[in-house]
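What follows is a set of notes on a single structure, which appears directly below.
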Amino acid sequence: MSQQPVLKNRRTLLERAEKFISEIYFTDCNLRGRLYGDSCPLESLASFLSSKRITFTEASKQNFAPHKVGDTFGPTWWTCWFKVTLNIPDSWRGKEVHLLWESDGEAMVWRDEQPVQGLTKEGEKTSYILSDCLKDEEPHSITLYVEVACNGLFGAGEGSMIAAPDPNRMFSVQKAELVVFNREVRELLTDFEMLIDIVKELGEGEQRGYQALFTVNEMVNLCDPCDPSSFSKVHSLAHNFFSQRNGESQHNTHAMGHCHIDSAWLWPYEETIRKCGRSWVTVIRLMEKNPEFVFTCSQAQQFQWVKSWYPGLFSQIQHYVKKGQFIPVGGAWVEMDGNLPSGESMVRQFLEGQRFFNHEFGIHCKEFWLPDTFGYSAQLPQIMQGCGISNFLTQKLSWNLVNTFPHNTFFWEGLDGSKVLTHFPPGNSYEMKGKVEDLVKTVKNNKDKGRANHSAVLFGFGDGGGGPTQLMLDRLHRVRDTDGLPKVQMSSPDRLFSELQADSALLCTWTGELFLELHNGTYTTQAQIKRGNRQCETLLHDIEIASSLALCQDGTFQYPVEKLQELWRLLLLNQFHDVIPGSCIEMVVEDALRYYEDIRRDGSTLLHNACGALGSKGNSAGVFNSLPWERHEVIQIQDGAGKPDLGMLILIYTQMVAKHEEYSFVQDMSGHLLNGILQTVINKDGTLASLYLISANREAIYDSCYGNQFIMFDDVPLYWDAWDVMDYHLQTRKPVLEVVQPVRVVSSGGLRGSVSFTLRISDKSTITQEIVMDAMCPYIKFNTEVKWAESHKFLKVEFPVRVHSPSATYEIQFGHLQRPTHRNTSWDWARFEVWGHKWADLSEHNFGVALLNDCKYGYSVHKNTMTLSLLRATKAPDANADMGTHHFTYAVMPHTGSFQDASVIQCAYNLNFPLRSIRCTPDTVPWNAFSISSAAVILETIKRAEDRKGALVVRLYESHGSSVTATLCTTLPVREAWPCDLLERQDPTQPAHITSEGIILNFNPFQIVSLLLIL
Ligand SMILES: [Zn+2]
C-alpha cells in the first residue's frame, strides 16, 4: 500500500469510510451521491382505482385519469393501476436506464400484458431496468402499467405491525422518473460496504478486521467520485482483499435465495396470490442475469395460485425448475402449523404437496421446510419418512423465551423412533440479506461447532414477500472464499443435507417433540377456526369411509375424487401457520370460516350421497358409524312423526334400526346424577362436588375442591397478542362464581339425564352449560355455550382430581406423549400451557381421569389440576377475535386401569365422530366392513387409492405405545393387500400376510401402517 502511515485511530478511519458511502451525509462529494446520473420526467402518468383485485386485461380497458406524483389514492386493500408512458432520451445511448418508482404499497410492473417485476420500497426494490446499455434500435417510447396494491409488505396495521389494519390508509407515489444508473458506482459501493462490515463484524480482536480497515481507507484515498477512471484501481484493491483465500477447515455456508410468504396473515389469501406473483417474477428476472442464483420455494398451494393467475410466469418458473435454479421445497400443500392439524391432515399436506410438485415439475421433495411454525409434533419424523422425506429445516425454536435449544444440526427422533436429519440455520433467520453480519452470525451461533461444518444461509425479504435482490447476490458473490469469513456457495437443500449427512458421525439426537416456548396462546385463539378444523377433519374422514364402502357395495357409485380433493385442499389451506393458530387479521378469519362452511355444505351432500349408495333407502331410522368398533350410545333420532327421540344403538360401520331400551338412570333434585357407571353431585353453580366411579369405589375430585370450575385469567402478553399467553397470567386466577340460573333439570332420566345452569362472567359475557349423563356412558359431557365479549381475558375450566402423577399424557397425531406435571426445571416450567388433541389423561397406577374435548387444543396439567383452555380475547391482529357466541363440548372420564385399558382413546373418538343418522329399510341387517383384533390399533382412514380406481387405502396406527400383532378383518371383496407408504406408493417386495382370519399386521409402538387393498 502506498499511503502514508496513519494514526492508530480505528474509529476515524472506519467512520471516514462509512461517510464515503453514506446516503445521508456528504452526498454532494461522496461516492453514494454518484449512484444516479441524469434524470428525466415521465411522458405521462395516469391512474385508475379499483376496489377489487382485477386482472390485467380488465384493468387495461379502464379509463385512466391523469395522476400527479404526490396525489393520494386508497383506501387500504384497494388497487391503483397506473399507466406510465415514457420516452428515453437519445442522448442516454450506452447508459443503463432505470424507471425509478418509489411508492407506498406493493407494486407489479406489467409490460406487453405480462407481469415483469415487483416494486416494493420496503423490500428494497424501487428500480425497474429499462435497458442495461441503451442502443439505438431499442424502443425508446414505452408504455408500462404499474399495479399498486394498497397495503404494505406487512399489511396495514394501525400504529404497529400486528395491530388491526387501518381501513382508511391512503397511499401515494413519491417518485416516478427515468434515471441513468451508474453500475460501476453501485459495484464500488458494494465493495466498500462489505469491507466496512468486515471491519465492524470481526471487531478489534481479529487482525483480519484491521486488514479490511486499511484496505478500505486506501480505497477512499484513491477514489475520486467525480473521476470514474479512478474506479478500477479502487475496485481491484477490494478484489485483492476478497480474493485472499481461507484454509480448508473453514465453515461452509450454503446460500439459497428464499422468500417466506405467509399464505395469509396480516393480509387476506387473495393478496398472497399477488405477493407470490410479484416476488417470483422478480426472482425470474434475477435468474436471467445470474445463472448461478438458486431460489428455494415452498407451498404447493402458492404454485397452484400462480399457475392459475399468472400462467405465463408459471411456465417461466417451470423452465427454471428444470434448470435446477428455482427449487420447490417442503413437499407440503402449505407450511402448516406443526401442532394442531390431525395426523391424517398432516399426511394429506404431504400427499397433496408431493403429488402437485411431481405432477407439475417432476420433482419429489426430500426435505420438509417449515422455518416459521410454532412448534413441531413428535409424530412429524415418522410422517416425513412415510412421505419420502428424511431432512427437516426450521429455525423457529430460536424464538424460545426460556431455554436455548442446544443444537443447530442434529438428528430428530420422533415418537416411534423414526429419525430425520434436522438443520436450524444458525443465523436464526430465514430472511438474511447476504451481509457480513449474517455470515459471521452463522459461524458464531452454530451450536454444533466441530460436529457440523455446513450451514444454510437463506436470503431474501420474506414474511410479507419480496424475495432476494441483486445487491444481496453481489454481496455474497464477493466473499465466496474470503479469508476470515465462512465460505459461501450458492447451493440447494439437497446439497446442504448431503454434506451434513456425509459427515454426521458426531451429531447429537433430540428425542420427542420440538416444543416452542412461545406463542402458546395459539392453541386457543380464534376458537371458531379450531372448531371448523376439527369438525371438517371429522366430516372428511366420514365421507371417505362412506364413499369407499359405497364403492364396494354399489358398482355404479362414483367416488367423488375431484370434489374431495377440492375440500381437502381448503381444509389444508386453513391449516397454514397463521390461520389455524388464529394469528391473522379479521379478513382472513372471515375467509377461513367461509371455507369451513363450504366444506360442511358440500361435504354433507357427499356424505348423503354415499350413505344413499350404501343401500340405505326406506323410512326407518338407522345410523352410520365411521369408527371401527361397536358403539353403545344414546343418540337423538327423528321418529316417524318428526319428533326427536333418543335411541340406543349398537352397531358398526353401517345402519341398524334403533332399539329403545330403558337403562337404570336416576336424577333427583339434590343434584345427583347416576348412570350405573358414574355418580356425581352437582352444585347449584354447576361445579362438581363429587365424581364417583362406582365400580372402583373411587372419588375422582380432589378433597374439598370442585370439578368443572370455570376460571378467568388476565391475559396481557408482552407483544404478540393473538400468539402469546405469558407465564404470569397464572397469577391472576379468578373463579367464575356468579350464578344467573342455578342448576335445573333438563332431562330427568330414561336414557339421558341432564341439568343446565347459567353463570355470569361479566356484564357482557355468560356461560350456559348442560351437563349430560347418558346411560352406559363412561364419561360426563359438558355441552357449553359461552356468550363472550371480553378484552384480554382467558377462560379455562379446571378439574382438580384425586390422582398423583409426575406426568400427564396428551393425545397428539397418531399417538400420545407425556409431559411433566411439575416445575422442576426451566424446561418443565416453560411448558405451563401445552397442546393436545382430543384428550389428555392424568393417571396413577390403576386409576386415572381423562379430559376429552370436541374442538379444543390448549391444556395444562399442574400437579393434580387438569385444565382445559377454552377462550381468549385478544385484540391484535384481529380487534374482534373470538367475540360472539361459542359452542363446544368437553367431557370428563374417571377410569380404572390405564387409559389404554379403559378405552379413553376410543371414547375421545366417539365424542368427536358422532353416529350419523341415516334412513334405511326395516329389514336392514347391520353390516360390519372392518374390524381389528387388537384394541391398540386404530383404523384411522379408509379412502380410494389416488391412482387406482379399483383399490382402497386403509391407514392404521398403534395407539397404546405397544408392540402388537393385529388381524384386520374385512367383509369387503379384497383380492390382494400390499403395504404402501403415506404417498400410497406400493412396496412390491412384500405383500401383506393374508390368512383365513384376515390380514396379519405387526406394529411397533405408534407405528403408522398403510395398506393398498386391491378389490
Ligand atoms: Zn410465516
Side-chain angles (χ1 to χ4, degrees), residues 106 122-123 151-155 157 161-162 256-269 271-276 278-280 295-303 305 328-341 349 353 367-377 380 392-400 424-425 427-432 456 458-468 514 516 518-523 525-526 529 572-585 587-589 591-592 719-724 876-878:
E106 294 182 277
E122 293 162 278
N151 55 263
L153 207 49
F154 294 97
M161 180 181 79
I162 63 161
M256 301 171 220
H258 191 48
C259 176
H260 182 79
I261 302 182
D262 290 312
S263 288
W265 179 28
L266 302 173
W267 55 87
Y269 285 127
E271 191 55 43
T272 308
I273 301 173
R274 298 201 296 189
K275 281 176 180 286
C276 295
R278 288 188 286 262
S279 305
W280 297 358
F295 179 74
T296 55
C297 192
S298 69
Q299 313 198 60
Q301 168 71 81
Q302 296 186 358
F303 283 88
W305 280 333
V329 294
W333 186 247
V334 295
E335 285 187 16
M336 74 278 199
D337 181 77
N339 302 328
L340 308 187
Q349 288 285 355
E367 71 299 302
F368 184 30
W369 191 274
L370 211 54
D372 184 34
T373 302
F374 314 152
Y376 307 89
S377 164
L380 272 167
F392 176 47
L393 183 141
T394 181
Q395 63 80 45
K396 198 70 181 184
L397 257 61
S398 68
W399 285 44
N400 269 5
F424 298 174
N428 294 340
S429 170
Y430 48 78
E431 44 178 331
M432 292 183 171
L458 307 177
F459 64 97
F461 286 94
D463 283 337
L514 296 173
L516 179 64
L518 198 74
H519 295 357
N520 319 67
T522 61
Y523 319 144
T525 313
Q526 299 288 9
I529 290 183
L572 300 178
L573 175 56
N574 277 351
Q575 288 171 351
F576 176 74
H577 67 253
D578 281 310
V579 181
I580 197 175
S583 48
C584 50
I585 59 171
M587 288 169 102
V588 177
V589 176
D591 283 346
Y719 174 71
W720 296 100
D721 196 3
W723 292 257
D724 287 354
D878 174 1

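Source: prediction; values computed, not measured. What's counted below: heavy atoms across the whole structure, side chains too, no hydrogens, waters or symmetry copies. Whatever order the structure lists them in is the order used to number ligands and atoms, beginning at 1. Numbering starts at 1 and runs along the sequence shown.
The Zn ion (ligand 1) is closest to atom OD1 of Asp262 (considering only N, O or S atoms).
Among the atoms of Asp463, no N, O or S atom is found under 2.8 Å from the Zn ion (ligand 1).
Taking the six-membered ring where tryptophan is involved, the planes of His260 and His258 are tilted, since the angle between them lies from 30° to 60°. Ring-plane geometry between Trp723 and His519 is classed as tilted, the angle between the planes lying from 30 to 60 degrees on a 0 to 90 degree scale.
Contact of the Cys584 side chain with the Leu266 side chain is not registered, since no non-hydrogen atoms from C-beta on lie closer than 4.5 Å.
Expressed to the nearest 10°, the angle at the Zn ion (ligand 1) joining NE2 in His577 with OD2 in Asp372 is 100°.
The OH atom of Tyr376 sits 9.0 Å away from atom CG of Asn339, with the distance rounded to the nearest 0.5 Å.
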